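For reference, the structure is listed below as structure tokens.
So you know, we letter chains A, B, ... as the sequences are listed, proteins then strands, and number each from 1. In this text the structure is predicted, and so the values were computed from the model without any measurement.
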Amino acid sequence: MNTTKVIEKMEIVKTINLTKQWGNIVAVDHINFNIKEGEIFGFLGPNGAGKTTTIKLLCTLLKPTSGTAIVGGYDINKDPEMVRKCVGYVPQDITIDGRLTARENLEFQASLYGIKRGPDRDQKIEEMLKLVELGQRADGLVETFSGGMRRRLEIARGLLVEPLLLLLDEPSVGLDPISRRSIWDHVKKLKKKYKDQFAILMSTHYMEEADRLCDRIGIIDRGKIVALDTPKNLKKNIGGQIIEIDVEKAKRASKKLSSESNSFILKINELSDTTIALEVNDGESAAPKLFKLAEQNNIEIKNMRIHEPSLEDVFIYYTGKTLRDADTDVVSFVRGEISKRLRSV
Amino acid sequence: MFRVKKEKKGLLASFDFEAILGIARREYIKYFRNKNQIISSSLMPAIFMIFMRPAFGNWIGNMGEASTYMGAGIIVMVVIMSGIMMAGMPLIFDKMMGFQDIYAVSPVKRRNLVLGFILGGAIKVIFQCSIVIAIGLLSGLVSFELGVYPYDFGWFAAGYPVFGVLAIIMSVIMMYVMIFISAAVYSCIGLTISAKSDMTNAFLYFTLINTPLVFISGALIPVENMYFIGLFNPTTYFADAIRVFLGGYTGDYGTGNFLIGILGLSIPKHSAQALFLGLGVDLIVIFAFGVVLFYIAFKVFGSSLTESSGGFISIFHKKTTEMQEKMFKKLSPEEKEVMNRITSKVDMIELMSSAQEDPSKIIDIFKKAGLTTDDANQFMKIGTKIMSEMVSKKKKKKKKSKNKT
């Protein structure tokens, strides 16, 4: 008999074939994942992948086309009001009321979540303001705040209501490195404070952020989760090492390298016009082979780097896009152009 | 289990006063902070009252009666305009800023949200209205005439000045209650409009609804002068009630008294009894309007909170699907079937963008989606048909424009 009791952690979020569709276009496509107690779950993906839509579905701002999700034990279709009680939401765009002071913004939020007026509430607000280092500016109009200060205030607002699930939609966009780091510290502090009965779902662009903060990461592309695991395992999965080489023409080089039947190159990705990344089992032994191969094919290698796979490599592996691509978001740009052209027809 | 649990149900529990007051507080804090807004929105009625006083007097002939009639009318106008605008505009700004999402995701029940906004609007209107009443008193267009019904009920004449003072205080309180209820009614209208429209449209709708509310009513023109169309307008009843308090000319029949007359009850003219009977009728009618308008505002506002906040993405998707439908319109049903099958599996826009880059990519995309090369060929056929149609249309348009020139 097994004497040690296995304590199963509760699932704060569980989605069942969650789907959101606009006409023929599927923004979120039969997503299945769960978030356990005390976990920080990260969504990683290019723009338009469906991160924000998923978050909006979970906080009942949108209604799913089909499928459902259970948040804090309540169904988002059947019990949206109870779901709202469980969830704290920090939207992607800064939505702090500029014509109120920081304190008034928090007071407004508290009143929405049924926190009764009184010394307790005042103390809590004071605590939150100190936590995000806005204690001295508590009574200043938010209009006069910098972008970073507004973002911090917004996170304080999301946390004020002590939610079961905190949804952070790209929390560190537009922040300087120092305030970004202080927000990370703060998120970690929160996790320690509430331990169980608390989870964070965050979407992000920053690999470093996802790597440092998240217990598990879901890589999402075109409405589907293409990979879901801990950052460690994700990196382990793609295995081996990465060799990055700078050449004159990446397209030509990658075509030539891939046309050769090489056992040592596992996968080739073009990172830019002049850079390609090669996945290999063992970087050090592969390097000389690579030089030989390049010489045979008339490829001049200008520079070379060997490194362990980072989360960025994982991201490229699963979505076929570099982060730069994801940031400028080629797909959405092309979409806009085409729709413009069609309109003019 | 988790720490969030359902609360017990009850009539009082379904109203979250903390939230209602919180929302209202946000509204009036922002209003009082914006001094320019207060001044500019008091200016228009002030100009009306100060400079147009002689005009009103000469127009109708009887200086006293006409100007007091207009005085009360202008106050009513202020309540309507600021009621609609001050409840409606913040909501539109919230929508633009994305602040709407904040209260949309909060657990506050929709009715409490609507009530909060209405309360906030009404508080602002009361303050704005008080400024205008003060201006009216100074300019002489509005007067609390002592010794006239209903202010002291003749208590002064009878030698009981204490009761007289109490009666005056009661009357003023009653007047404010009346203004408050009416302001809430107009706030409901403002909320309904702004929940359904965006920035540019909202202004249009505000003026569109303002004008008939003010002018096709008994506010500025006596109801009996316009075949009683005004009886279907809440403003008429509100104006009638305000006239009772502000010493305005209520005519042989104020609206309430007129309705009583229809019911066949005889009314003693110009007595406190008659005035207050009329006032009661006014109150009941406005309250009825309020209940209906609140229900509409609640429904419209509530539904706008969940789905509309898809924002840009949803608009984009809607437009593209509309475009697709337009393009598929002229196809035969079989061709439509093929296209529908394909578009359900492949993202059209992605397909077209890659086709522009390199047409050979189309087959790859089809293979990935699990479609055959046959499908790809059919798709290409239909695609060229659509494109050629679009091109020919363009040519025709060009020809037409050439012919014109």
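Looking at Ile23(B), both its backbone and its side chain come within 4.5 Å of chain A, counting heavy atoms on both sides. Using a 4.5 Å cut-off between heavy atoms, Glu104(A) touches chain B through its side chain atoms alone. Only the side chain of Ile29(B) comes within contact range of chain A, with heavy atoms under 4.5 Å apart. If you measure heavy-atom distances from Leu141(A) to chain B, the contacts under 4.5 Å come from the side chain alone. Using a 4.5 Å cut-off between heavy atoms, Gln109(A) touches chain B through its side chain atoms alone. Contact of Arg26(B) with chain A is made through backbone and side chain together, with heavy-atom distances under 4.5 Å.
Using a 4.5 Å heavy-atom threshold, the side chains of Ile12(A) and Phe198(A) count as separate. Between Lys56(A) and Tyr89(A) there is a side-chain heavy-atom pair separated by less than 4.5 Å. Side-chain contact between Gln37(B) and Met89(B) is absent, with no heavy-atom pair separated by less than 4.5 Å.
A donor-acceptor contact under 3.5 angstrom links the side chains of Gln92(A) and Thr52(A), judged on distance only.
When every heavy atom of Ile76(A) is checked against every heavy atom of Pro80(A), the shortest pair comes out as O-CB, 3.8 Å.
Among Val90(A), Asp97(A), Leu100(A), the residue making the largest number of heavy-atom pairs under 4.5 Å with chain B is Asp97(A).
Between Phe298(B) and Tyr295(B), the ring-plane angle classifies as tilted under the 30° and 60° cut-offs.
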